[in-house]
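If you read the sequence from its start, that first residue is 1, and numbering goes on from there.
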Amino acid sequence: MVPATPTTTVCSRQFMFKPYAAVNSLETHVSTHQNKAASGVSSQNGFHRSKTLFDKASDSSDGMSDFERQLQELFNEVKTLITTGKEKDAVDLLQANYEAVKEQMNDGSKGIEEAAILDVIALGYMAVGEFKSVRSLLDVISEVIDDLNNDEPLLDSILVHMGSMYSNLGEFAKSLPVNQRATDILENRHGKNSVVLVTPLLGIAKVLSSTGKATKAVDIYHRVIHILELNRGVETEDLVVPLFGLGSLLIKEGKVTGAENSFIRILNIYTKLYGENDGRVGLAMCSLAHAKCAKGNANEAIDLYKKALQIIKDASYMPLDDSMMENMRIDLAELLHVVGRGREGRELLEECLLITEKRKGKDDPSLVTHYLNLAASYSQSKDFVTAERLLRTSLEIMKRAEGPENPSITFPMLHLAVTLYHLKQDEEAEKIALEALHIRKKAFGKDSLPVGEALDCLVSIQSRLGKGEAELLEQLERVLKIQEREFGSESEEVMVTLNKVVFYLDKLGKKDEKFALQKRLSRLQMKYKQSVRY
């Protein structure tokens, strides 16, 4: 018998366990300490006022040239403007410096000083989110430094900054060579085990991880860990960055034991340095909880999550309404539902709703995710009446905020249609599903994945309403084509829809077509029967 229950997808943070969400909490914290892990690197993240930008550089008693100091002064000023909310003033200052260096370059000056100034201007634009300007500046810097010798002062720092910016922009093919050049320069200058290699090596590891070269990335992470242990000891906080990167990568590669060991080590480092009640210890516990969950130790993961949240709360390490805290509560709620402790999970979801409501008011669109999550929880407990009430509230909020034709409202609409189906209110369920389908067709096109999702939901509803089987089969075949294009012909989504197609082919007596697809379906069912999924 074909599965008749309609399904749909939740917007934003969906109420289903996300495998990397717990790790991301620590990642956000760790990313702010990336430079600290390699403080031996000359890090001139500075800016400079245009009127003194090209003064003759001279060495000073502290080893920093006037030029470097001027760069640092401008950097500090731009940073202050950004952190105090004066981004327009920061952009004006960056633009003034860019115009000055552009004039110098037009006059024929294209050396390390121009590259350094452009570098820190690019960093400033990166900070304010003007990525188009960053890309243009990086292209200009590349042209300048390509002709420079590796012994130029500041070149290593410029290359490291460029590698980081390229990586953050998703341009990994450009990030890798500049990080490699920085590494080569620093190796020749300081040796293969110097701590100054850490930052460019971490940049290389990140690129390799992001481009599917996991084995090489793991080797780089191990090299960084070895360098830091050699120079700073086995319990230095600087190890947190590479250990976290290694653990996250190993999780993705399914090497859970190795990941668990990395996160345990981070937890031990933070505990020894700051005590067991420090907020950083809580974040490390969340990452370890994720590894435990991936290993199948759900109850251990739950205990770690609970303890971590309590530590972070008691330490006042971050506000209760911080997005990281919210994500951790949702992670724990999801896991509690997975192990059948839905009531405890709902309490956490209700806490998320109340905190957001208190901070943003009762009509803010950000509440919708929490209403959807709670509705999913109540639906899982077969309390469809409460789920319907929550979904109608979320839909009203979205309509007021976005308008009746905005595609974002189709998420709560389809969830409401599914809930009404469970309540045997099929006519209203069909009406809402058709409306959602119309909005999605108009917004995304008739062959888009969102339209496929809406069609899949609609077919189940119309099947129980007694719609023509030939028409339902035609719609399912459309869904199948969309899913094959988006997910691949071997995907689990395709398997589920294929099962429905075979069902209707059988009912319509199309035995030849059914036989061909039945063989394919059986093969996919065997493939996924052996898969262990949360």
Exercise. Could you state the interatomic distance from CZ (F487) to CG (L449), rounded to the nearest 0.5 Å?
Worked result: 4.5 Å

Exercise. Can K431 and E435 be counted as an ion pair, charged N to O under 4.0 angstrom?
Worked result: no

Seminar exercise, completed: Between L267 and A284, the two heavy atoms sitting closest are CA-CB, 3.9 Å

Exercise. Can you pull the ring-ring contact (aromatic ring centres under 6.0 Å, His included) pairs that have at least one residue in residues 344-388, sequence neighbours excluded?
Worked result: F384-H422

Problem set entry | Flag side-chain contact, heavy atom, 4.5 Å: R223 against I204 | no

For this session: Would you please test Q483 and T497 for side chain to side chain donor-acceptor pair (under 3.5 Å) and show each step?
Result: CA-CA 9 Å; Q483 290 177 334; T497 303; 2.5 Å; yes

Problem set entry | L202 vs Y221 side-chain heavy atoms within contact, under 4.5 Å | yes

For this session: Taking R359 for its side chain and D321 for its backbone only, find out whether a donor-acceptor pair lies under 3.5 Å.
Result: yes

Problem set entry | salt bridge (Lys or Arg N to Asp or Glu O under 4.0 Å): pairs with one or both residues in residues 406-430, sequence neighbours excluded | R392-E428, D426-R464, E430-K467

For this session: Hey, could you give me the CD1/CG distance between I269 and L239, rounded to the nearest 0.5 Å?
Result: 5.0 Å

Exercise. Can you list the steps and then say if E486 with S491 is a side-chain contact (heavy atoms from CB on, under 4.5 Å)?
Worked result: CA-CA 9 Å; E486 295 292 336; S491 67; over 6 Å; no

For this session: For K507, check side-chain hydrogen bond (donor to acceptor under 3.5 Å, both in side chains) against everything at least two apart and list the hits.
Result: E469

Seminar exercise, completed: Between S175 and G163, the two heavy atoms sitting closest are OG-O, 2.8 Å

Exercise. Counting only N and O atoms by type, is there a donor-acceptor contact under 3.5 Å from the side chain of T356 to the main-chain atoms of C352?
Worked result: yes

For this session: Mind listing the closest non-hydrogen atom pair of A387 and A375 along with its distance?
Result: CB-O, 3.6 Å

Exercise. Does one side chain, of D383 or S381, offer a donor that lies under 3.5 Å from an acceptor on the other?
Worked result: no

Exercise. Within a reach of under 6.0 Å around CD of E171, are more than 12 heavy atoms found that belong to other residues, nucleotides or ligands?
Worked result: yes

Seminar exercise, completed: Shortest non-hydrogen pair, L414 vs A436, comes out as CD2-CB, 3.8 Å

Problem set entry | Check: R440 side chain, P450 main-chain N or O, donor-acceptor pair, under 3.5 Å | yes

For this session: Tell me yes or no: between the side chains of N168 and K206, is some donor less than 3.5 Å from an acceptor?
Result: yes

Problem set entry | Residue pair L246 / I225, side-chain heavy-atom distance below 4.5 Å | yes

For this session: Find out whether D447 and R485 are in side-chain contact, i.e. whether some heavy atom of one side chain is under 4.5 Å from a heavy atom of the other.
Result: yes

Exercise. What salt bridge (Lys or Arg N to Asp or Glu O under 4.0 Å) pairs are there with at least one residue in residues 210-219, not counting sequence neighbours?
Worked result: none

For this session: Please step through side-chain contact (heavy atoms from CB on, under 4.5 Å) for the pair L437 and K441, ending with a clear verdict.
Result: CA-CA 6 Å; L437 177 63; K441 277 184 180 178; 4.1 Å; yes

Problem set entry | Pair K527 + E492: basic N to acidic O under 4.0 Å | no

Exercise. L249 versus V218: any side-chain heavy-atom pair under 4.5 Å?
Worked result: yes

Seminar exercise, completed: For M325 and P319, the nearest pair of non-hydrogen atoms, with its separation, is CG-O, 3.6 Å

For this session: Working to the nearest 0.5 Å, report the span between CG of L348 and CG of L353.
Result: 12.5 Å

Exercise. Side chains of L480 and E484: closer than 4.5 Å at any heavy-atom pair?
Worked result: yes

Exercise. Does a side-chain heavy-atom distance below 4.5 Å link S489 with R520?
Worked result: yes

Seminar exercise, completed: Those residues at least two apart in sequence (or on a different chain) that pass salt bridge (Lys or Arg N to Asp or Glu O under 4.0 Å) with K519 are none

For this session: Considering non-hydrogen atoms only, spot the tightest contact between E490 and L524 and give its length.
Result: OE1-CD2, 3.6 Å

For this session: Working to the nearest 0.5 Å, report the span between CZ of F244 and CD1 of I266.
Result: 7.0 Å

For this session: Any pair with a residue in residues 298-308 that passes salt bridge (Lys or Arg N to Asp or Glu O under 4.0 Å), sequence neighbours left out, goes on the list, sorted by first then second residue, please.
Result: K292-E300, K306-E344

Exercise. Would you say S136's side chain and K132's backbone share a donor-acceptor pair under 3.5 angstrom?
Worked result: yes

Exercise. Charged N to carboxylate O below 4.0 Å: is that the case for E477 and K510?
Worked result: no

For this session: Mark yes or no for whether R478, through its side chain, and L455, through its backbone, hold a donor-acceptor pair below 3.5 Å.
Result: no

Seminar exercise, completed: Interatomic distance, CG@L374 vs OG@S379, rounded to 0.5 Å, equals 10.5 Å

Problem set entry | Interatomic spacing from CG in L335 to CG in D331 - rounded to 0.5 Å | 8.5 Å

Exercise. So, do T386 and L390 sit near enough that their side-chain heavy atoms are less than 4.5 Å apart?
Worked result: yes

Problem set entry | D364/S366 under side chain to side chain donor-acceptor pair (under 3.5 Å): CA gap, chis, key distance, verdict | CA-CA 5 Å; D364 192 88; S366 62; 2.5 Å; yes

Exercise. F503 and D506: side-chain contact (heavy atoms from CB on, under 4.5 Å), yes or no, with the steps?
Worked result: CA-CA 5 Å; F503 172 79; D506 182 64; 5.9 Å; no

Exercise. Taking atom CG of D139 as the centre, does the number of heavy atoms from other residues, nucleotides or ligands within less than 6.0 Å exceed 12?
Worked result: yes

Problem set entry | Donor-acceptor pair, side chain of S463 and main chain of S460, under 3.5 angstrom | no

For this session: Take R329 and E326, measure what side-chain contact (heavy atoms from CB on, under 4.5 Å) needs, and give me the verdict at the end.
Result: CA-CA 5 Å; R329 283 191 293 268; E326 178 179 282; 4.0 Å; yes

